[in-house]
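What follows is a short report on a single structure.
As the structure lists them, so they are numbered: ligands from 1, and atoms in each ligand from 1. Here the structure is a predicted model, which means the values were calculated and not measured.
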Amino acid sequence: MNSSRKMCSVIYKKQMLPDSFELGPIRPPSEAYSLLIRVTRNCPWNRCKFCHTYKGKKFELRSVEEIKQDILTAKAIQDKLKEISWKSGNGGRVKEVAGTILNSPPNEAYFNVALWLYAGGENAFLQDANSLIMRTNELVKVIKFLKQTLPSITRVTCYGRSKTAAKKKLAELVQLRQAGLSRLHIGLESGYDPLLQFMDKGVTAAEHIAGGKKIVKSGISLCEYVVLGLGGKKMWQEHATQTARVLNQIDPDFIRVRTLTIKQGMPLYDEVKIGNFIRATDEEIIEEEKLLIEHLDCHAYFVSDHLTNLLQEIEGKLPEDKEKMLASIARFQSLSLEEKHNFKVGRRVGMYNQLDDLYNLHKHSTVEHAIKKLSNDGNQVDEETIYGLMERFI
Ligand code: SF4
């Protein structure tokens, strides 16, 4: 530890007060460094079969006053870190102090503020699952207060449901954009109606299109999330082609994919047990992703940054990078059976990030050892074990 950091650490221990504010359980991967402000609790729908995050928890709106108090507490923590920075000779720059706090935060709120400041203090994410459901005038008040109180924030985003967006007037979405709502993250999941119905998503493809188009028209940046593998072995083709059809009509700014991962506590876990849903393998899901990309005819930036995705390197701007993305898929599909298996296991044990890692001899032999340990015959890890490894990622 350098002397400046040591000084920060000493002053921080002396000065620390137990400020805290409420935090929800999740945020999108792209909001990992955002300040998290919880404006609602849990999910107002809470019925999707593939989701466990808020199961058993009741949805609640929070009052504007309560949320404002949390924002003031976040500011108080920020001010405290600035003060420590001055006292430790860092001239009010908080990055050094934030780094120290991240090593031993007194609570989650400190950790979140420190991480946010460490990354520049520009982004905020409003939790939980559907913040758009707040009354528009109240959400506007919250966003304005947040930006006034913490003026370094230039980008504010939240999750929303297509159905909620479809119900809002265009003028309300415009009002939210003008207040400072920069981006909405929407769980499209699929554009295939029978699958949306089976999964109890509570929204139709037509509602996805209506909500998505309204968001685009309002000028709020739109990120649509798709679940790869959601169609299982039965509906994968329709899932891919109909999802592409819906996305083409919406033409969002971003399409983000994540891969279906099932664990106990999700209703889908029970559907698998009784044979109502048959999971696709990684190879089948890659074929589905290929079909999806082939059918996309829009201008979105396609992102695969979720840890559950087999090929995180599939990324690019549509339509110009389509061939490049399909080439990554073709590269995986042209591997020998043995190398495909090695890559699958390597991804699921966290050894590989991209296909090129197959050529790292150390990593490759570590994965070979893992295969020997995890398989019954020393050669092949079964799908159930691979699914089990994936559960750690959610
Ligand atoms: S709407 Fe989102 S958070 Fe709510 S149950 Fe469905 S997937 Fe989960």
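- Atom 8 (Fe) of ligand 1 has its closest protein heavy atom at Cys51 SG, 2.4 Å.
- The side chain to side chain contact (heavy atoms under 4.5 Å, CB included) with Leu170 is formed by just one residue from the set Lys214, Gln175, Lys213; it is Lys214.
- At a 4.0 Å heavy-atom cut-off, ligand 1 does not touch Tyr159 at all.
- Close approach of ligand 1 to Lys201 is summarised as follows: ligand atoms under 4.0 Å from at least one heavy atom of the residue are 1 (S), 6 (Fe), 7 (S).
- Using a cut-off of 2.8 Å, one finds that Cys48 contributes an N/O/S atom close to atom 6 (Fe) of ligand 1.
- By the criterion of side-chain heavy atoms lying less than 4.5 angstrom apart, applied directly or through intervening Ile, Leu, Val, Met, Phe, Trp or Tyr residues, Met199 is not grouped with Trp236; the two fall into different hydrophobic clusters.
- The contact set between ligand 1 and Asn46, taken as ligand atoms under 4.0 Å from a residue heavy atom, comprises 4 (Fe), 5 (S).
- For the residue pair Ser304/Asn309, the side-chain donor-acceptor check at 3.5 Å is not satisfied.
- Listed by number with element, the atoms of ligand 1 under 4.0 Å from a non-hydrogen atom of Tyr54 are 3 (S).
- Hydrophobic clustering of Ile, Leu, Val, Met, Phe, Trp and Tyr side chains at less than 4.5 Å, counting indirect connections, keeps Trp86 apart from Val94.
- Closest to atom 4 (Fe) of ligand 1 among all protein heavy atoms lies Cys43 SG, 2.3 Å.
- Set against the non-hydrogen atoms of Ala129, the atoms of ligand 1 under 4.0 Å away are 3 (S).
- Taking the six-membered ring for Trp and thresholds of 30 and 60 degrees, Tyr352 and Phe343 have nearly parallel ring planes, at less than 30 degrees apart.
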